[in-house]
Q: 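What follows is a structure written as structure tokens; I'll ask about it next.
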Amino acid sequence: MSLIAITRGVSAHIGLCELTHLERQPIDINRARMQHQNYESLLKRLGCTLHSLPPEEEYPDSVFVEDTALVLDEVAIILRPGAASRRGEAIAMETVLGRFRPLRRMQEPARVDGGDILQLGRVLYIGATSRSNDAAVAQVRDIVEPFGYEVRTVAVRDALHLKSAATAIADNCLLINPQMVQETVFHGAQVVAVHAAEPFAANALRVGGVIVYAQAFPRTAALLEARGLHLESLDVSELAKAEGALTCCSLLFEEGPAAHS
Ligand code: CIR
């Protein structure tokens, strides 16, 4: 089975992105595009089949494709992103994801970004943040429960998304910032805390047995390597100015036994 990675090029207007916890800084579009290309090249080198979509120039944040959909083995849910400026991004994903999964669509008034949905086996944790609401939790639950998934909500402090605060680094093991999310909410999962001097270091992208990780967090990287994890580090500093991290820039999933047209 092959791992599919869906990405989208960086909009020339990324400087007009949504920002919640960061001050606006100028973003060098050429550097941002170079960093994004390096990200795509690394995913290919790690064995992903890359579907690189062209930039959607009118959507400043559209490089952050993770927020547009939730892809499970059985179904893909086209989400309603929490920021009104981002809603249109999800529409373009329907055509692409429809090739791989049966589709369901989140309906108004529900809203949630994919960055708020963390899958650990058959459990989906949904962050309660400024981007999500109870209607989204209810709709996701209705769609996924018949497939045997459980949905749990998680309180998140001072972070844009749940996956700014916690991401999986191995089966049943999470990298977390304990200031942003309580480790006990992840029933039984092992947790590793980020280095205290690196509060934004909890977003890691697991690709097979490799952890794709931001160069900006060397102290947490050292903690992870000391645990025997294989890291591939990337400079994503320009994308970070748009409050994006590593998981945000792709939708990653197994191609699956049968494609759906
Ligand atoms: C936003 O605020 O929506 C974008 N500037 C950043 C989105 C990052 N996405 C993610 O973490 N999943």
Side-chain angles (χ1 to χ4, degrees), residues 5-29 32 35-36 39 43 53 55-71 77-93 106 111-119 124-133 136 140 154 156-168 174-177 180-181 194 199-206 212-214 216-217 234 236-253:
I6 295 179
T7 58
R8 183 177 290 292
V10 183
S11 162
H13 304 300
I14 189 171
L16 302 174
C17 63
E18 295 284 337
L19 287 175
T20 308
H21 295 280
L22 295 183
E23 294 292 319
R24 197 167 297 279
Q25 301 177 55
I27 296 178
D28 180 330
I29 180 68
Q35 290 175 356
H36 187 255
Y39 176 90
L43 292 186
L53 307 173
E56 281 192 303
E57 300 295 358
E58 67 277 33
Y59 293 108
D61 280 307
S62 52
V63 63
F64 302 123
V65 290
E66 172 180 52
D67 294 321
T68 63
L70 170 69
V71 185
I77 306 177
I78 304 297
L79 301 175
R80 282 189 81 240
S85 70
R86 301 199 55 194
R87 299 263 158 81
E89 295 172 32
I91 293 164
M93 278 301 159
M106 186 162 272
R111 54 180 173 78
V112 68
D113 292 348
D116 263 327
I117 308 178
L118 170 66
Q119 181 180 6
L124 299 179
Y125 293 96
I126 303 189
T129 67
S130 61
R131 295 293 173 88
S132 63
N133 64 9
V140 171
V154 177
V156 179
R157 280 183 306 271
D158 301 329
L160 177 60
H161 290 132
L162 173 58
K163 278 190 266 190
S164 324
T167 49
L174 295 167
L175 176 63
I176 74 163
N177 177 334
M180 295 175 170
V181 69
V194 297
F200 300 109
N203 188 273
L205 177 66
R206 187 177 175 215
V212 178
Y213 201 62
F217 309 119
L234 278 179
V236 283
S237 51
E238 292 304 307
L239 299 169
K241 291 178 188 170
E243 232 169 325
L246 290 159
T247 61
C248 330
C249 295
S250 55
L251 283 166
L252 274 191
F253 53 88

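Quick note: residue numbers are just sequence positions, from 1. One-based numbering, in listed order, for ligands and for the atoms of each.
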Q: Please report which non-hydrogen protein atom sits nearest to atom 4 (C) of ligand 1, along with the residue it belongs to and the distance in Å to one decimal place.
A: Asp61 OD1, 3.1 Å
Q: Check this for me - ligand 1, Thr20, N or O atoms closer than 3.5 angstrom, yes or no?
A: no
Q: For ligand 1, which atoms, with element, lie under 4.0 Å from some heavy atom of His161?
A: 9 (N), 10 (C), 11 (O), 12 (N)
Q: Output the distance between atom SG (Cys248) and atom NE2 (His161), rounded to the nearest 0.5 Å.
A: 7.5 Å
Q: Quick check for you: to the nearest 0.5 Å, what is the distance between Ile176 atom CD1 and Leu162 atom CG?
A: 10.5 Å
Q: Distance check, rounded to the nearest 0.5 Å: Glu57 atom CD versus Ser11 atom OG?
A: 4.5 Å
Q: Test of understanding: given a 4.0 Å heavy-atom threshold, classify the contact between Lys163 and ligand 1 as side chain, backbone, both, or neither.
A: neither
Q: Nearest heavy atom to atom 1 (C) of ligand 1 wins, so pick from Arg131, Glu89, Glu243, Glu66.
A: Arg131
Q: I need the nearest protein heavy-atom contact for atom 11 (O) of ligand 1: residue, atom name and distance, please.
A: Cys248 SG, 2.8 Å
Q: Judging by distance only, is a nitrogen or oxygen of Ala242 under 3.5 angstrom from one on ligand 1?
A: yes
Q: Does Asp67 reach ligand 1, in the sense of a heavy atom lying below 4.0 Å from it?
A: yes
Q: Would you compute the distance between atom OH of Tyr59 and atom CG of Leu16 and round it to the nearest 0.5 angstrom?
A: 14.0 Å
Q: Can you tell me which residue among Ile6, Leu205, Val212 is in a side chain to side chain contact (heavy atoms under 4.5 Å, CB included) with Ser250?
A: Leu205
Q: Partners of Asp116 by salt bridge (Lys or Arg N to Asp or Glu O under 4.0 Å), sequence neighbours excluded?
A: none
